[in-house]
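As the structure is a computational prediction, the values presented were derived from the model and not from experiment.
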Amino acid sequence: MARIVLKFGGTSVGDTDRIKNTANRIIDEKKKGNQVVVVVSAMGKTTDQLVNLSKEISAYPSKREMDMLLSTGEQITISLLSMALAEQGHPAISFTGWQANIQTENIHGNARIIDINPKKITNHLQNDQIVIVAGFQGVTNDSEITTLGRGGSDTTAVALAAALKADKCVIYTDVTGVYTSDPRYIPHARKLGAISYDEMLELANLGAGVLHARAVEFAKNYQIPLEVCSSLVRESGTIIEEEVTVEKSLIVRGVAFEDQITRITIFGLKNGFKNLSSIFTKLAKQNINVDIIIQNQTEGENTYLSFSIKNDDLRDTIEILEQNQESLGFDNFEYESGLAKVSIIGSGMISNPGVAAKMFDILSMNNIEIKMVSTSEIKVSTVIEEKYMIQASQVLHTAFELDKVELDVK
Ligand code: ADP
Ligand code: ASP
Ligand code: MG
């Protein structure tokens, strides 16, 4: 008997008919003799609607109260799905994050899972029940409800699969797998039959919303094979695993993009490294995720420093810089919003020099100015003006031969 974790995203449970359809897919797996744990998201656009409701009340609501609000979305789905399964004669029980003992760190809005005690879930599985767990939420050790960051239900599913030592974890979503780029915006994007954990991690971190990056991190750390496939169309999806040997010829396997980026530039930073580390320590303490960092020596001891953040963190960043200008020892700072990050990803880059040069060439031929760059062994990221984001992604997708190549789709 296999133990499996299935995760269904918002579209897959968007209305009661879809919930019934999802119940049927779950029953198919149960009938194969599997023990089945299901993780679900909030129905359709519920989480966005809850965010909008909060905005009608407050421009900057407390993060704790946002977690109280947003965690309600998933609770609706788990109970309805449990009822749908019972209607079909399959006993099921639903749990919120805290009932399922999903313990997180004490951070609101973007908490990491630190421990899951699976005892309660395994007891119910042994009683032949289907267990349904609310995605995207957990509880701190002082009983505060937290959420895991947008898209976090994927992470609930993979973390549960690790804690339950599940044989596999399948992420059902509204596309048929992981594509070479977001098929919603890049019409020539192609489905990948397989992709490595490392490539998927870069894709997810760099904006490919199909999987929550921490879910991929968990999958890699615990060596859990993941499959991403459609809940509506029955065809094989994308396998994410350690070694992907197919399609070696492709140097770049994906193009990812992310909007709402702001670049901060600090001028006249004194006392080099000491103040540099103080700035990033202060930002980290407020959970501000700093991405690309560029530091330049100017005359004497003064340096200037640029880094990119998400627009959402701009207000907090400005506050920290203004309040600590003297102790951090800099002259002044400016920021530029309306930027985006466009990245190419592929493990073939390790052994192929000139990939970054080709990327810069293509952007320059299209008159797209590059404002920041960062590279790793398997990715090159550029920050450009937001209005060019889709165009840049499209031309890169074509130039790196991702449009037409027969990929490893089964
Ligand atoms: P769910 O609600 O099922 O979690 P999401 O909206 O979070 O669904 O993720 C699926 C969406 O991810 C797709 O509809 C697609 O627009 C987007 N996406 C972004 N990048 C990719 C990619 N490389 N491959 C497939 N889908 C992608
Ligand atoms: N409902 C949450 C969101 O929309 C979590 C998720 O769907 O993964 O971000
Ligand atoms: Mg998602």
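Closest heavy-atom contact between His124 and Val131: CB-CG2, 3.7 Å. Residues Cys169 and Ile224 share a closest heavy-atom pair of CB-CG2, 4.1 Å. Leu148 approaches His212 most closely through the heavy-atom pair O-CE1, 3.4 Å. Glu74 approaches Val40 most closely through the heavy-atom pair CG-O, 3.4 Å. Smallest separation of non-hydrogen atoms from Glu385 and Leu339: CA-CD2, 4.2 Å. Closest heavy-atom contact between Leu69 and Ser54: CD2-CB, 3.8 Å.
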_Show, in sequence, the C-alpha distance, side-chain angles and deciding distance for Glu235 and Lys191, and conclude whether the salt bridge (charged side-chain N to carboxylate O under 4.0 Å, His left out) test is met._
CA-CA 11 Å; Glu235 66 178 51; Lys191 184 169 80 174; 2.8 Å; yes
Practice problem: May I have the step-by-step check of side-chain contact (heavy atoms from CB on, under 4.5 Å) for Lys371 and Ile384, ending in yes or no? | Solution: CA-CA 6 Å; Lys371 290 175 180 274; Ile384 61 172; over 6 Å; no
Go through Ile309 and Asp291 one step at a time and tell me if the side-chain contact (heavy atoms from CB on, under 4.5 Å) criterion holds. CA-CA 6 Å; Ile309 54 168; Asp291 189 20; over 6 Å; no
| request: Could you walk me through whether Glu202 and Arg253 pass salt bridge (charged side-chain N to carboxylate O under 4.0 Å, His left out), step by step? | output: CA-CA 11 Å; Glu202 291 282 15; Arg253 291 174 69 81; over 6 Å; no
Step by step, work out the side-chain contact (heavy atoms from CB on, under 4.5 Å) result for Asp154 and Lys7.
-> CA-CA 7 Å; Asp154 299 333; Lys7 181 258 169 178; 2.7 Å; yes
task = Take Asp28 and Arg234 through the salt bridge (charged side-chain N to carboxylate O under 4.0 Å, His left out) test and state the conclusion after the steps.
result = CA-CA 13 Å; Asp28 287 350; Arg234 291 201 186 229; 3.3 Å; yes
Practice task
List the steps and the verdict of side-chain contact (heavy atoms from CB on, under 4.5 Å) for Val170 and Cys229.
Solution key: CA-CA 7 Å; Val170 186; Cys229 56; 3.6 Å; yes
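Side-chain contact between Thr382 and Leu363 is present, with at least one heavy-atom pair separated by less than 4.5 Å. Side-chain contact between Tyr335 and Thr317 is absent, with no heavy-atom pair separated by less than 4.5 Å. Annotation: side chain of Ile121 is in contact with side chain of Val133 (closest heavy-atom distance under 4.5 Å). Glu227 has its side chain out of reach of Ile171: every pair of non-hydrogen atoms, C-beta onward, lies at least 4.5 Å apart. Taking the side chain as every heavy atom from C-beta outward, Val36 and Val38 approach each other to under 4.5 Å. Using a 4.5 Å heavy-atom cutoff, the side chains of Asp17 and Asn21 are not in contact. Using a 4.5 Å heavy-atom threshold, the side chains of Asn296 and Ile294 count as touching. Contact annotation: the side chain of Leu314 approaches that of Ile264 to within less than 4.5 Å [non-hydrogen atoms, C-beta and beyond].
Here the OG1 atom belonging to Thr72 is positioned 7.5 Å from the CD atom belonging to Gln75, to the nearest 0.5 angstrom. Note that the OG1 atom of Thr147 and the CZ atom of Phe136 stand 4.0 Å from one another [nearest 0.5 Å]. Distance NE2/His397 to NE2/His188: 9.0 Å, rounded to 0.5 Å. The CD1 atom of Ile132 sits 5.0 Å away from the CG atom of Leu85 when rounded to the nearest 0.5 Å. Separating the CE atom in Met349 from the NZ atom in Lys379 is a distance of 9.5 Å, to the nearest 0.5 Å. Here the CD-OG1 distance, from Gln137 to Thr146, works out to 8.5 Å after rounding to the nearest 0.5 Å.
No side-chain donor-acceptor contact under 3.5 Å links Asn366 to the backbone of Ile368. Between the side chain of Asp15 and the backbone N or O of Arg18, at least one donor-acceptor pair lies under 3.5 Å. The backbone N or O of Asp259 sits less than 3.5 Å from a side-chain atom of Lys310, completing a donor-acceptor pair. The backbone N or O of Gly9 sits nowhere less than 3.5 Å from a side-chain atom of Ser41 that would complete a donor-acceptor pair. In this structure, the side chain of Asp67 engages the main chain of Gly109 through a donor-acceptor pair within 3.5 Å. Remark: side-chain polar atoms of Thr22 are paired, donor with acceptor, to backbone N or O of Ser12 under 3.5 angstrom. Counting only distance, with no hydrogens or angles, the side chain of Glu386 and the backbone of Gln260 share a donor-acceptor pair below 3.5 Å. For Ser82 (side chain) and Ile78 (main-chain N/O), no donor-acceptor pair under 3.5 Å exists by modelled atom type. In this structure a side-chain-to-backbone donor-acceptor pair under 3.5 Å is missing from Asn34 to Lys30. Within the 3.5 Å criterion, the main-chain N or O of Gly177 finds no donor-acceptor partner in the side chain of Thr238.
Side-chain atoms of Ser181 and Ser393 form no donor-acceptor pair, as typed in the model, at a separation below 3.5 Å. Residues Ser347 and Glu199 have side chains that bring a donor and an acceptor to within less than 3.5 angstrom of each other. Ser196 and Asp198 are not linked by any side-chain donor-acceptor pair at a separation below 3.5 angstrom, with hydrogens and angles left out of the test. Using modelled atom types and a 3.5 Å distance limit, the side chains of Ser230 and Thr176 yield no donor-acceptor pair.
The local environment of OH in Tyr222 is sparse, with at most 12 non-hydrogen atoms from other residues, nucleotides or ligands closer than 6.0 Å. At most 12 heavy atoms of other shown residues, nucleotides or ligands fall within 6.0 angstrom of atom NZ in Lys165. Atom CZ of Phe360 sits in a crowded spot, with more than 12 heavy atoms from other residues, nucleotides or ligands closer than 6.0 Å. Crowding of Ile57 atom CD1: a count of heavy atoms from other residues, nucleotides or ligands under 6.0 Å not exceeding 12. Residue-environment remark: CG (Asn289) stays at or below the threshold of 12 foreign heavy atoms within 6.0 Å. Applying the 6.0 Å contact sphere to NZ of Lys63 captures no more than 12 heavy atoms from other residues, nucleotides or ligands.
Just one residue in the list Asp48, Asn110, Thr47 forms a side-chain hydrogen bond (donor to acceptor under 3.5 Å, both in side chains) with Arg150, and that residue is Asp48.
Ion pairing between a basic and an acidic side chain is recognised when a charged N comes within 4.0 Å of a carboxylate O; Lys20 and Glu87 show no such pairing.
Annotation: cation-pi geometry not satisfied between Lys270 and Phe330 (NZ/CZ under 6.0 angstrom from ring centroid, within 45° of ring axis). At least one test fails for Arg190 against the ring of Tyr179: distance under 6.0 Å to the centre or angle within 45° of the axis. Cation-pi geometry between Lys358 and Phe400 is met: under 6.0 angstrom from the ring centre, within 45 degrees of the axis.
Classification of the Phe280-Phe307 ring pair by plane angle, with boundaries at 30° and 60°, yields perpendicular.
In this structure Thr46 satisfies the side-chain hydrogen bond (donor to acceptor under 3.5 Å, both in side chains) test with no other residue, sequence neighbours excluded.
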